[in-house]
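Notes follow the structure.
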2 protein chains.
Amino acid sequence: MSSEALAVAAGVKPTQLRKDLTYFGQFGTRGLGYDVDQLAQMISDLLGTNRLQPVILVGVGNLGTALLSYRGFEQEGFEIIAAFDADVRRPRDKALTVPLYEMEHLGRIIQDRGVKMAILSVPAISAQSVANQLVDVGISGILNFSPSMLTVPESVVVNSVNLAIELENLSYFIQQ
Amino acid sequence: MSSEALAVAAGVKPTQLRKDLTYFGQFGTRGLGYDVDQLAQMISDLLGTNRLQPVILVGVGNLGTALLSYRGFEQEGFEIIAAFDADVRRPRDKALTVPLYEMEHLGRIIQDRGVKMAILSVPAISAQSVANQLVDVGISGILNFSPSMLTVPESVVVNSVNLAIELENLSYFIQQ
DNA sequence: ATATGTGAATAGGTTCACAGCC
DNA sequence: GGCTGTGAACCTATTCACATAT
């Protein structure tokens, strides 16, 4: 497949796609294009999604519950192996398939299962305190859904997704 | 409040914050800083979040249900006034507070309520077809949660959030 | 003939440094 | 004295143009 065709599929320009790929090596054949399987394998290796990665989720409220039942993660090679909440007895409307634990078991489970990444879906007010706990037990990546700035050591990576801001963004660009 | 203090709160550099603000005007006082209330008002005007904006949601599955019960949107001035699904009778585990309609009522409700923006949380397979329907009934902004590239007319703005990609992103940066 | 890989050119965004104003 | 606003300098990212390989 040519960079032209791949670029159309990805919604970028062909030169952009080629330039980006070359930062990681040479994967195409001149006059021919790219081997899609080989390319997918390479990207999967690069992202670490070639083998199933265990992930935990902290904060099983509305959003947390939805993220637990969201199929998209496992399709990309992630498995949410455990969920944690400050109140495990709080009423929840769905029979969870993922085991739900008290916060005190965080350290043990992360260590036992070699978990590197955590999904954080707690209210803004407790986000920093839970982030601190995650850092303490050795988590190295946090996907933060709470609308708050997290302060963490340099060695820990935070990726924040703020759903309300995504809507605000859209609201700005459609200028009413 | 100084740009220094605001920048710390926002997690950016003070010069960045000042430069960005000046693209929309002059809001600070030299030697003194910014009036926070006035600044918040200005940004709210700019984003169109100064008055409550009606929004609809299409696709009431796992993620859609969660988004409906997510409080973050209304806090920022958005109200999800209606939800739509191809199958309104599909079993759902939560008593929805938002009215749920068949897709055929899309046009009428959008017109009646002056809705400009839609949240799209349908499976990837039906995303483009539903996006087309949204465009047809006059929606001008789509917040897309499905893992697919949407093709829409120039006049329509799409903002895509792919939760799995956000995790992959994190996975890459923590290089295992 | 066709399509990649890449240096050079261009565009875009961030930071610096300081003049200007309170 | 303190802090904003902003041109200039710098850095990063995208696009062009074409040599290179099949």
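Below, read A as the first sequence line, B as the second, and so on, with proteins coming before strands; counting in each chain starts at 1. Every value quoted in this text rests on a predicted model; they were computed, and no experiment measured them. Atoms considered below: every heavy atom in the structure, side chains included; atoms not considered: hydrogens, waters and symmetry mates.
In this structure, the CZ atom of Phe27(B) is 15 Å from the C1' atom of dT6(D), given to the nearest Å. Rounded to whole Å, the distance from CG on Leu6(B) to P on dG5(D) is 11 Å. For the pair Asp20(B) CG and dT4(D) P, the interatomic distance rounds to 14 Å; values are reported in whole Å. One interatomic measurement links the two molecules: CD of Gln16(B) to C1' of dT14(C), which rounds to 6 Å at whole-angstrom precision. Across the protein-nucleic acid pair, Lys13(B) atom NZ and dC3(D) atom C1' stand 19 Å apart, rounded to whole Å. Going from atom OH of Tyr23(A) over to atom P of dG7(C) covers 11 Å, rounded to whole Å. Glu4(B) has its CD atom 16 Å from the C1' atom of dG5(D), to the nearest Å. Here the P atom of nucleotide dG5(D) and the CG atom of Leu21(B) are 8 Å apart, to the nearest Å.
With distances taken from any side-chain atom of Thr29(A) to the nucleotides dT15(C), dA3(C), dT22(D), the minimum falls on dT22(D). When distances run from any side-chain atom of Ser3(B) to the nucleotides dA3(C), dC16(D), dT4(D), the shortest one goes to dT4(D). Among the nucleotides dT4(D), dC22(C), dT15(C), the one closest to any side-chain atom of Arg18(B) is dT4(D).
Between Gln26(B) and dT6(D), a side-chain N or O to OP1/OP2 separation shorter than 4.0 Å is present. Between Tyr34(A) and dG5(C), a side-chain N or O to OP1/OP2 separation shorter than 4.0 Å is present.
For the residue pair Gln41(B) and Asp45(B), a side-chain donor N or O sits within less than 3.5 Å of a side-chain acceptor on the partner. Remark: the Glu166(B) side chain and the Asn162(B) side chain contain no N/O donor-acceptor pair separated by less than 3.5 Å.
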Could you check Glu4(B) against Arg18(B) for salt bridge (Lys or Arg N to Asp or Glu O under 4.0 Å), going step by step and ending with a plain yes or no? CA-CA 9 Å; Glu4(B) 171 70 38; Arg18(B) 293 206 300 276; over 6 Å; no
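No side-chain heavy atom of Val12(B) sits under 4.5 Å from any side-chain heavy atom of Asp20(B).
Across all strands shown, Lys19(A) has heavy atoms under 4.0 Å from base atoms, whether or not it also approaches the sugar-phosphate.
If you check distances only, the side chain of Arg30(A) does reach the base of dT20(D) with a donor-acceptor pair under 3.5 Å.
Connection of Val156(A) to Leu170(B) is not established within any shared hydrophobic cluster, with ILVMFWY side chains joined at heavy-atom distances below 4.5 Å, either directly or through further cluster members.
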